[in-house]
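Dropping a structure here in structure tokens format, bear with me for questions.
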Amino acid sequence: MSSAPDPMVEKTGVVHAGQAALSEALQLSFRLLRWIMLFLVLAYLFSGIFVVAQHEKAVVLVFGKVSGFDEERIKGPGLHWAWPRPFAEVVRVAAERVQKIETAAFWFFEPPLPPGAPDGQRPPTPAAMSMNPERDGYTLTADANLLHTRWALRYTVSEPEAYLFRFHDIRSLIIRELDHAVVRASARTAIDRALRTDIEGVRAEVESSVRQRCDRLGLGIKVQGIDFLNQAPPLQVAAAFDNVAIAASVRGKSILDANSYAETTRNEARGAASRILAEGQAAKEGILSSVKADADFFEKVRGKYARHPKELARRQLEDTLRRVLSATDETDVIPSNLKEIRLLISPTQENLLEASE
Amino acid sequence: MKNRPGVTIVAVLIVALFVVVQLFFIVREGEVAILTTLGKPVRAHTEAGLFNRKPWPIQKVHRFDNRLRMLESSFEETLTEDDKNVLVGVYAAWRIHDPIAFLESVGSIREAESNLDGLLRGSKSAVLGTIPFSGLVNTDASALQFDAIETNILAQVQSQALERYGIEVATVGIHRLGLPQGITDSVFERMRSERNKIAERYRSEGEGEAIKIRAAADSEREKLLSRARAQAKRIRADGEAAAADHYEVLNQDPELATFLKKLEALEEMLQEGSKVILTTETSPFDLLRGGDDALPKTQGEGTTP
């Protein structure tokens with residue numbers, strides 16, 4: 001027996017097939033979703049990996065609190081992992097890098113250059129202009145003078161935790177501590193010392209004071225050094241200070257010239273003294289040799305003289321006269337019986353020159 | 001309906017997140033949190049971490065930055081004990097010490113700083129009024145009173161700030177010191193006068209010092225030469241003394257020695273350029289007289305030189 005297909009049964013079969021396809025599609029979607037969720041979970045966990053650079057230190061906050069104990073609280077350079085946000089947060093600081101801050105609180109106001117003016121040619125401050133404390137910075141020195149200075153402080157972070165979480169605006173606080181040290185040092189320093197005679201001493205005082213204050217406040221920094229960048233008297237009295245500088249230079253030159261003269265004089269005197277001593281020594285040796293020669297000559301002559309005294313004496317006299325008279329310019333012989341002799345001496349040209357000198 | 005685990009998980013996570021946000025809160029390092037129940041402060045958290053609470057609107061969390069903050073008072077005129085007008089700038093570092101008192105008394109950082117500034121200025125004027133100007137600037141470091149000024153200001157501000165606002169003032173410092181604008185003109189005039197005096201002093205010092213150095217050098221030269229001359233004289237005297245031994249030889253025939261010395265002296269004195277006048281009695285010019293006198297005598301008669 002054959003029968004026609006039941007339309008209801010056929011329809012139910014189609015519905016079942018559609019449901020099955022839908023179910024299969026949904027299962028596939030959920031399977032895909034699971035994989036996506038798994039991927040997202042893994043990506044989330046991997047996002048907690050972080051690198052701390054060579055010059056950095058890092059602190060991990062878990063639920064807002066620094067995680068770890070003792071040395072583990074500070075993460076050094078390298079690869080690290082922490083729970084991602086919102087559970088944890090990584091805070092970094094360039095601890096090894098030297099940071100520099102400057103204070104211009106004690107420097108005068110420098111108006112902007114007029115358009116087109118070459119750099120460095122600011123309009124001069126009139127000598128009669130008073131100092132506006134709201135505009136011009138300066139310090140009071142121990143001798144109640146006004147002084148402009150500029151300073152810089154170099155530091156590294158020694159305690160990252162303190163540096164990051166103990167102070168709201170730590171750079172401003174460091175600048176104020178620097179200002180504080182400068183005001184104190186200036187108040188016990190005469191202006192000449194700060195300007196000329198002991199700049200390094202003043203710098204060292206400021207550095208020492210800043211170090212102490214920073215340590216006491218526990219700022220978590222290590223002060224590497226203080227730089228005394230500039231120092232200048234108020235522009236209103238700059239000419240008077242220049243005059244002092246010139247006078248100091250003149251004084252220095254006078255003393256230098258005098259020292260040079262003294263050195264030359266001493267050297268010449270030493271030379272002259274040596275010459276005098278040498279002459280004395282030569283004179284001594286001359287006397288000795290002369291006397292010795294005389295004695296030797298005397299010894300030689302005396303034997304002959306004992307035998308023929310008159311002949312030898314006359315011979316000696318005549319030999320001497322011969323030598324002497326041959327050397328003289330003029331020899332006059334007059335009769336021995338002359339009653340009177342008159343000489344007309346006409347001086348030579350050379351004698352006249354010698355006489356005039 | 002068929003169970004859908006993915007949907008369930010997502011739904012549970014969303015609900016859990018909402019519950020967590022409502023029941024827990026985080027206090028970060030450097031923060032302080034105050035929990036209020038229906039507006040009334042019940043608990044303060046000064047340590048960082050995760051804490052529980054009742055959901056809004058029952059409990060509410062108030063957070064404040066609890067790191068040390070800096071406050072600068074205005075750079076204003078103050079009179080010292082000796083009625084000198086000075087400009088003093090003071091700063092203070094502060095933080096919240098009692099969070100509940102802070103919340104109740106000021107409620108915000110800005111309001112706290114406004115109140116603290118008032119305290120700081122008042123204390124500054126009060127303390128500086130007891131300090132002479134010489135306690136602010138002095139070449140004698142021991143006469144400076146910065147430590148006393150800052151300690152006294154800190155003591156006054158600290159107690160009041162803590163009591164009134166729950167604020168801890170950690171430190172106070174003077175960061176600027178100056179003079180009113182009207183006084184600076186006279187300061188400049190004095191500075192010019194001082195500089196002129198110093199310049200004059202430098203010049204005169206230079207001249208004086210140079211004269212002193214030159215005089216010392218001249219004196220040293222004279223001493224050196226005097227010593228050298230004396231030494232040379234001693235050397236010559238030594239020579240003379242040593243020569244005396246040789247003079248002893250001459251004593252064997254003093255007459256001959258004298259005669260020889262005379263000859264030597266004559267030779268030394270009559271050098272080139274001399275003019276000599278002799279009589280015919282001088283040998284050999286006696287030959288010029290002629291006659292028998294010029295002829296040789298017989299042996300034994302002798303001649304006179």
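No hydrogens, no waters, no symmetry mates; every other heavy atom, side chains included, goes into these values.
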Could you check which of Glu150(B), Gln231(B), Arg95(B) has the highest count of heavy-atom pairs closer than 4.5 Å to chain A?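 Sorted descending by pairs with chain A, the first entry is Glu150(B).
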
Which atoms of Glu31(B) come close to chain A, meaning under 4.5 Å heavy atom to heavy atom: side chain ones, backbone ones, both, or neither?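 Contact with chain A is absent: no heavy atom of Glu31(B) under 4.5 Å.
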
Heavy-atom contact with chain B under 4.5 Å, split by part of Asp296(A):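 The answer is neither part of Asp296(A).
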
Heavy-atom distance under 4.5 Å to chain B: side chain of Glu285(A), backbone, both or neither?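 Neither part.
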
Quick one: what part of Arg216(A) sits under 4.5 Å from any heavy atom of chain B, side chain, backbone, both or neither?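 For Arg216(A), side-chain heavy atoms alone lie under 4.5 Å from chain B.
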
Given a strict heavy-atom distance threshold of 4.5 Å, which part of Ile175(A) is in contact with chain B: side chain, backbone, both, or neither? neither

Among Ala232(B), Ala141(B), Pro180(B), which has the most heavy-atom pairs under 4.5 Å with chain A?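 Ranked by heavy-atom pairs under 4.5 Å with chain A, first place is Ala232(B).
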
Need one label for Leu325(A): side chain, backbone, both or neither, based on atoms under 4.5 Å from any heavy atom in chain B.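 Side chain of Leu325(A) only, per the 4.5 Å heavy-atom cut-off to chain B.
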
Interface moiety of Ile183(B) toward chain A, non-hydrogen atoms closer than 4.5 Å: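 For Ile183(B), no heavy atom lies under 4.5 Å from chain A.
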
Contact leader toward chain A among Arg236(B), Met191(B), Lys197(B), where contacts are heavy-atom pairs under 4.5 Å: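 Heavy-atom pair counts peak at Met191(B).
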
State the CD-CZ distance between Glu205(A) and Arg184(A), to the nearest 0.5 angstrom.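 Answer for the CD-CZ pair, Glu205(A) versus Arg184(A), is 12.0 Å.
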
With a 4.5 angstrom heavy-atom cut-off, could you sort out which part of Leu177(B) is near chain A: side chain, backbone, both or neither?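 Both parts, backbone and side chain.
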
Cut-off 4.5 Å, heavy atoms of chain A, and the answer for Glu264(B) is side chain

Contacting region of Leu164(A) [heavy-atom separation from chain B under 4.5 Å]: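 Only the backbone of Leu164(A) comes within 4.5 Å of chain B.
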
Heavy-atom proximity to chain B below 4.5 Å, by part of Leu140(A):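 Both parts, heavy atoms under 4.5 Å.
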
CG of Leu136(B) to CG of Leu144(B): how many Å apart, nearest 0.5 Å?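 These two atoms lie 8.0 Å from each other.
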
Chain A heavy atoms under 4.5 Å from Glu267(B): which part of the residue, side chain, backbone, both or neither?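 Contact with chain A involves both backbone and side-chain atoms of Glu267(B).
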
Best-contacting candidate, Leu321(A), Asp294(A), Asp143(A), against chain B by heavy atom pairs under 4.5 angstrom: Asp294(A)

Under a 4.5 Å heavy-atom cutoff, which of Asp218(B), Ile198(B), Asp245(B), Val86(B) has the most pairs with chain A? Asp218(B)

In terms of relative ring orientation, are His45(B) and Phe25(B) parallel, tilted or perpendicular, with 30° and 60° separating the classes?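 Taking Phe25(B) first and then His45(B), their aromatic rings stand perpendicular (interplane angle over 60°).
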
Look at atom CZ of Arg201(B) and say whether more than 12 heavy atoms of other residues, nucleotides or ligands are closer to it than 6.0 Å.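 Yes, the 6.0 Å shell around CZ holds more than 12 heavy atoms from other groups.
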
Among Ala248(A), Ala272(A), Ala190(A), Gly137(A), which has the most heavy-atom pairs under 4.5 Å with chain B? Ala248(A)

Specify which of Leu173(A), Asp179(A), Asn132(A) makes the most heavy-atom pairs with chain B at under 4.5 Å.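 Highest number of pairs under 4.5 Å: Asn132(A).
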
Using non-hydrogen atoms and a 4.5 Å limit, figure out which bit of Val187(B) sits close to chain A: side chain, backbone, both or neither.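 Only the side chain of Val187(B) comes within 4.5 Å of chain A.
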
N-O pairing of Glu220(B) and Arg266(A) below 4.0 Å: yes

What part of Leu61(A) gets within 4.5 angstrom of chain B, counting heavy atoms only: side chain, backbone, both, or neither?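 Contact with chain B involves the side chain of Leu61(A) alone.
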
Which bit of Thr103(A) comes within less than 4.5 Å of chain B, counting heavy atoms only: side chain, backbone, both or neither?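 Looking at Thr103(A), nothing touches chain B.
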
Chain B contact via Arg213(A) - side chain, backbone, both or neither, heavy atoms under 4.5 Å: side chain

Most contacts with chain B, counted as non-hydrogen pairs under 4.5 angstrom, among Thr264(A), Asp192(A), Val59(A), Val250(A): Asp192(A)

Roughly how far apart are Tyr91(B) OH and Arg176(B) CZ, rounded to 0.5 Å?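 The CZ atom of Arg176(B) is 14.5 Å from OH of Tyr91(B), to the nearest 0.5 Å.
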
Thinking salt bridges, do Arg192(B) and Glu189(B) make one under a 4.0 Å N-O criterion? yes

Glu240(B) and Tyr247(B): side-chain hydrogen bond (donor to acceptor under 3.5 Å, both in side chains), yes or no, with the steps? CA-CA 10 Å; Glu240(B) 296 284 357; Tyr247(B) 285 132; 4.6 Å; no

Between Glu47(B) and chain A, which part of the residue has a heavy atom less than 4.5 Å away: side chain, backbone, both or neither?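 For Glu47(B), no heavy atom lies under 4.5 Å from chain A.
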
Using a 4.5 angstrom heavy-atom cutoff, name the option from Gly280(A), Ala187(A), Ala269(A) with the most pairs to chain B.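 Going by pairs under 4.5 Å, I would pick Ala187(A).
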
Counting only heavy atoms not in Glu330(A) (residues, nucleotides, ligands), do more than 12 fall under 6.0 Å from its CD?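 More than 12 heavy atoms, drawn from other residues, nucleotides or ligands, come within 6.0 Å of this atom.
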
Minimal non-hydrogen separation, Gly173(B) against His180(A), with atom names: CA-CD2, 3.7 Å

Phe75(B) versus chain A, the contacting section by heavy-atom distance below 4.5 Å: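 Interface part for Phe75(B): both.
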
With respect to chain B, which residue among Arg193(A), Lys292(A), Glu161(A) yields the maximal number of heavy-atom pairs within a distance under 4.5 Å? Lys292(A)

The interface call for Glu222(B) against chain A, heavy-atom contacts under 4.5 Å, is neither

Please classify the contact of Phe241(A) with chain B as side chain, backbone, both or neither, using a heavy-atom distance under 4.5 Å.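 For Phe241(A), the contact with chain B is made by backbone and side chain together.
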
Which distance, rounded to the nearest 0.5 Å, do you find between the CD of Gln316(A) and the CD of Glu318(A)?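 Separation between the atoms: 10.5 Å.
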
Go through the atoms of Pro309(A) and report whether side chain, backbone, both or neither lie under 4.5 Å from a heavy atom of chain B.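 Neither part, no heavy atoms under 4.5 Å.
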
Spacing of CG belonging to Leu179(B) relative to CD belonging to Glu77(B), to within rounding of 0.5 Å: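 Atom-to-atom, Leu179(B):CG and Glu77(B):CD are 10.0 Å apart.
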
Proximity breakdown for Arg190(B) and chain A, heavy-atom pairs closer than 4.5 Å: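 Looking at Arg190(B), just its side chain touches chain A.
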
Under 4.0 Å between a Lys/Arg side-chain N and an Asp/Glu carboxylate O for Asp257(A) and Arg214(B)?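 Between Arg214(B) and Asp257(A) there is no salt bridge, as every charged N stays at least 4.0 Å from the carboxylate O atoms.
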
Which answer fits Val90(B), side chain, backbone, both or neither, if we ask what part of it has an atom under 4.5 Å from a heavy atom of chain A?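 Neither part.
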
Any Lys/Arg nitrogen of Glu279(A) or Arg275(A) sitting under 4.0 Å from an Asp/Glu carboxylate oxygen of the other? yes

Contact class of Lys262(B) relative to chain A, heavy atoms under 4.5 angstrom: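 Looking at Lys262(B), nothing touches chain A.
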
Which bit of Arg176(A) comes within less than 4.5 Å of chain B, counting heavy atoms only: side chain, backbone, both or neither?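 When you check distances to chain B, atoms from both the backbone and side chain of Arg176(A) fall under 4.5 Å.
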
For residues Val137(B) and Thr141(A), determine if any side-chain heavy atom of one lies less than 4.5 Å from a side-chain heavy atom of the other.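 No, their side chains stay 4.5 Å or more apart.
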
Give, for atom OG of Ser209(A) and atom CG of Leu178(A), the distance between the pair rounded to the nearest 0.5 Å. 9.5 Å

Toward chain A, the part of Leu87(B) with a non-hydrogen atom under 4.5 Å: side chain

Looking at Asp140(B), Asn66(B), Asp65(B), Asn138(B), which makes the most heavy-atom pairs under 4.5 Å with chain A? Asn138(B)

Toward chain B, the part of Glu89(A) with a non-hydrogen atom under 4.5 Å: side chain

In terms of heavy-atom pairs under 4.5 Å with chain A, which of Leu225(B), Thr139(B), Leu224(B), Leu256(B) leads?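 Top count of heavy-atom pairs under 4.5 Å with chain A: Leu256(B).
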
